[in-house]
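Quick notes on the structure that follows.
Here the structure is a predicted model, which is why all the values come from computation and not from measurement.
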Amino acid sequence: MSDPAGRPITLADVARRAGTSTAVVSYVMNDGPRPVAAATRERVLAAAAELGYRPNRIARALRSRTTGVVGLVLADALNPYFGALARHVEQALAGHERLMLIGNAGYSAERERQLVERFLAAQVDGLVIASADAGDDVTVPARAARVPAVYLHNGSTTGDTPLVTADNEQAVREALAHLRAHGHRDVAFLAGPQDTGPVGRRREVWQAAAGSSAVLLRSDYSRAAADVLIRRLAAADAVPRALIAATDEQAIGVLSGAYAAGLPVPGRLAVIALDGTPDGAHTAPSLTVTGQPLQAMAQQAVDLLFDPATPSLPARAALVRRRSCGCEEG
């Protein structure tokens with residue numbers, strides 16, 4: 001804020017209003033390095049509030065060598081799964097009194113590397129990387145700069161950077177067992193274009209449990225691609241009776257494609273998805289999911305940034321029963 005003459009409010013202005021020194025004001029605003037009497041502290045804070053003083057984050061960063069900002073590299077900001085994950089990361093960082101900057105990689109490994117370099121140039125205090133790629137370790141420059149980094153959801157396993165993810169093996173087994181409990185012996189799986197990261201692991205677990213004769217389908221990670229796939233299968237009378245979709249985005253496309261082809265869900269096609277984004281509760285029919293514990297994952301990742309000793313264990317993805325599998329709501 002500025003004074004009536006348009007000049008920014010400074011520590012000296014607050015000190016004059018509070019009747020103390022600028023050093024004391026600095027100690028109050030920075031919580032140290034020296035203690036300040038409670039009555040004096042209250043007087044300084046009251047003066048700062050009256051004047052509308054806001055600490056200069058850049059100046060503080062130069063003094064402390066921290067910025068109070070953490071960079072989040074997001075695989076795709078348009079995907080509701082990653083959008084929800086980003087929201088939980090932001091909330092977790094607020095608990096550590098940190099702000100968040102988001103960089104959207106758009107499913108590009110090269111863009112991920114560029115964002116890491118740019119965040120490091122901006123002197124961030126840490127990096128959280130929610131990647132869709134499990135290739136090269138993009139956190140190597142962060143380690144060289146001694147900036148803590150954590151992979152969230154997916155990431156390279158070639159380096160020492162911790163990875164926080166859900167228990168994908170348990171999620172697939174639970175989804176498969178649930179569809180079989182509905183009487184479906186053969187359960188197909190809709191994977192992505194390639195077997196990488198969590199989706200690749202989900203496909204592997206399904207294959208091991210479902211057997212080599214089970215039907216494997218593939219599409220891009222989009223509603224449109226899965227919609228087109230189901231319409232094409234319907235035209236060839238090749239739609240499976242039950243399907244596990246690797247992602248909610250694909251599952252929502254499956255529902256729209258089935259509707260367009262006149263295939264009732266779950267009567268003709270039972271569906272379970274493995275992400276658990278908020279959108280699944282509002283599809284028609286509502287989507288049964290193994291809800292990824294996004295809040296717990298985000299909290300664990302942020303805690304790891306500030307305390308490397310934080311346990312990094314896969315969190316359970318609980319089955320949420322809705323109508324698309326054949327269950328009643330709830």
**Study point:** Any side-chain donor near an acceptor of the partner, Ser131 and Glu112, under 3.5 Å
**Key:** yes
**Study point:** Which atom of Ala281 lies closest to which atom of Ser286, heavy atoms considered
**Key:** O-CB, 4.1 Å
**Study point:** Shortest non-hydrogen contact from Phe82 toward Ala130
**Key:** CE2-O, 4.2 Å
Practice item. Give the ring-plane orientation class for His182 versus His184, where under 30° counts as parallel, over 60° as perpendicular and anything between as tilted. Key: tilted
Exercise for review: Answer yes or no: is there a donor N or O on one side and an acceptor on the other, between the side chain of Asp220 and the main chain of Ala225, under 3.5 Å?
Suggested key: no
Review point. Would you say the side-chain atoms of Ser21 pair up with the backbone N or O of Val24, donor to acceptor, closer than 3.5 Å?
Key: yes
Review point. Salt-bridged, Arg202 to Asp275, with N to O below 4.0 Å?
Key: yes
Check your understanding: Between Arg231 and Asp227, is there a side-chain N and carboxylate O pair less than 4.0 Å apart?
Key -> yes
Practice item. Side-chain contact test, heavy atoms from C-beta onward, threshold under 4.5 Å: evaluate it for Pro80 versus Glu249 and give yes or no. Key: yes
Exercise for review: For residues Ala251 and Val271, report the shortest heavy-atom separation together with the two atoms involved.
Suggested key: CB-CG1, 4.3 Å
Review point. Which heavy atom in Pro162 sits nearest to a heavy atom in Leu304, and how many Å separate them?
Key: CB-CD1, 4.2 Å
Check your understanding: Only one of Arg323, Arg321, Arg322 forms a salt bridge (Lys or Arg N to Asp or Glu O under 4.0 Å) with Glu328, so which one is it?
Key -> Arg323
**Study point:** Charged N-O contact under 4.0 Å between Glu90 and Arg87
**Key:** no
Exercise for review: Ignoring hydrogens and angles, tell me if any N or O in the side chain of Trp206 forms a donor-acceptor pair with the backbone of Leu176 under 3.5 Å.
Suggested key: no
Practice item. May I ask you to decide whether Asp125 forms a salt bridge with Arg98, counting only side-chain N to carboxylate O separations under 4.0 Å? Key: yes
Review point. Does any non-hydrogen side-chain atom of Thr139 lie less than 4.5 Å from one of Tyr151?
Key: yes
